[in-house]
Amino acid sequence: MPDRLSIVRRNLHRVQQRIVEAAAKAGRDPAEVTLVGVTKYVDAATARLLVKAGCQDLGESRPQELWAKTEMLSDLPVRWHQIGHLQRNKVDRTIKTASLIHTVDSGRLLAAINSSAARQSMVAEVLLEVNISGDESKHGFAPDDMPDAVANLGDLASVRARGLMAMAAREGDAEVARRNFARLRELRDELQSSLSDRGSLAELSMGMSGDFQEAITEGATIVRVGSALWEGLD
Ligand SMILES: *Cc1c(COP(=O)(O)O)cnc(C)c1O
């Protein structure tokens, strides 16, 4: 039996290889794609193995888990990503802990992040989450509400929106996922032209273990991969 570090290392290399292949097929530079290793399934000791194997961007769904793992891995040079729903009462600590909040899904949350960041004399980096599939169970701005959300950004001096985030429809095959991702990219392009030089929505956080190659084909700059990195561990 290979040890746990070898298993994680092998999984990471496979995922990285698939990123390189998908980028090559799309005529993109794989260096444009950041892999966020999603650690929500594993404990801090196992997450540590992934950093050791070479992945320095880690993502957590639940803010409390993000805070806990950040403390336990504070000796490592990790950039943490908040990738799950964020409640307003957890904003203060989460914006201090995470380098990027992927899941800003309402104007109220955006305003709460802005005032918390102002109070803490910092600028919070965020992505706006879009409910691109229209699944009722999903969080995120409706695509039609995005022009207003982006127009509001100009008034929020302590938030910097870097781009958009979405998940593909829960029900559906690779082709459906790909259409969802294409739609997010098109929406981003429209919003970017309305912003002109008042900010850049360069980042597209889309793609998980089951569909990250489709996401890269459609322009993902950040993929959030969990299960594929932990295969073969008990
Ligand atoms: C869990 C999770 C992921 C990773 O999903 P896998 O299918 O395990 O790769 C990515 N993004 C979000 C928002 C998640 O909650």
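Order of appearance sets the numbers: ligands from 1, and atoms from 1 within every ligand. The shown structure was predicted, so the numbers you read here are calculated from the model rather than taken from an experiment.
- Looking at heavy atoms from C-beta onward, T39 lies in side-chain contact with E60 at the 4.5 angstrom threshold.
- With respect to the salt-bridge test (charged N to carboxylate O, under 4.0 angstrom), the residues R93 and E71 qualify.
- By the 4.5 Å heavy-atom criterion applied to side chains, H139 and T103 are not counted as neighbours.
- Ring geometry for H102 against H81 counts as perpendicular: the plane angle is over 60°, on a 0 to 90° scale with 30° as the lower cut.
- Scanning the protein heavy atoms around atom 10 (C) of ligand 1, the nearest turns out to be M208 SD, 3.3 Å.
- The pair K40-E65 fails the salt-bridge criterion, with no side-chain N (NZ, NE, NH1 or NH2) lying under 4.0 Å from an Asp/Glu carboxylate O.
- At a 4.0 Å cut-off, at least one heavy atom of S61 sits close enough to ligand 1 to count as contact.
- In terms of protein heavy-atom proximity, atom 13 (C) of ligand 1 is nearest to I83 O, 3.2 Å.
- Regarding atom 11 (N) of ligand 1, its nearest protein heavy-atom neighbour is R224 NE, 2.9 Å.
- Considering backbone and side-chain atoms alike, V225 places every N or O at 3.5 Å or more from each N or O of ligand 1.
- The atoms of ligand 1 that sit less than 4.0 Å from any heavy atom of S227 are 6 (P), 7 (O), 8 (O), 9 (O).
- Ligand 1 lies less than 4.0 angstrom from a heavy atom belonging to Y41.
- Interface atoms of ligand 1 facing G226, defined by a heavy-atom separation under 4.0 Å, are 4 (C), 6 (P), 8 (O), 9 (O).
- If you look at H102 next to ligand 1, there are no close heavy atoms at all, none under 4.0 Å.
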Item checked: Full working for side chain to side chain donor-acceptor pair (under 3.5 Å) between R162 and S200 -> CA-CA 6 Å; R162 293 292 187 198; S200 162; over 6 Å; no
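- Side chain of D105 to main chain of E129: no donor-acceptor pair is present (N/O by atom type, distance under 3.5 Å, no hydrogens or angles).
- Put simply, OG on S227 and CG on N11 are 10.5 Å apart, with the number rounded to the nearest 0.5 Å.
- Given atom 9 (O) of ligand 1, the protein heavy atom at minimum distance is S209 OG, 2.5 Å.
- Scanning the protein heavy atoms around atom 2 (C) of ligand 1, the nearest turns out to be K40 NZ, 2.5 Å.
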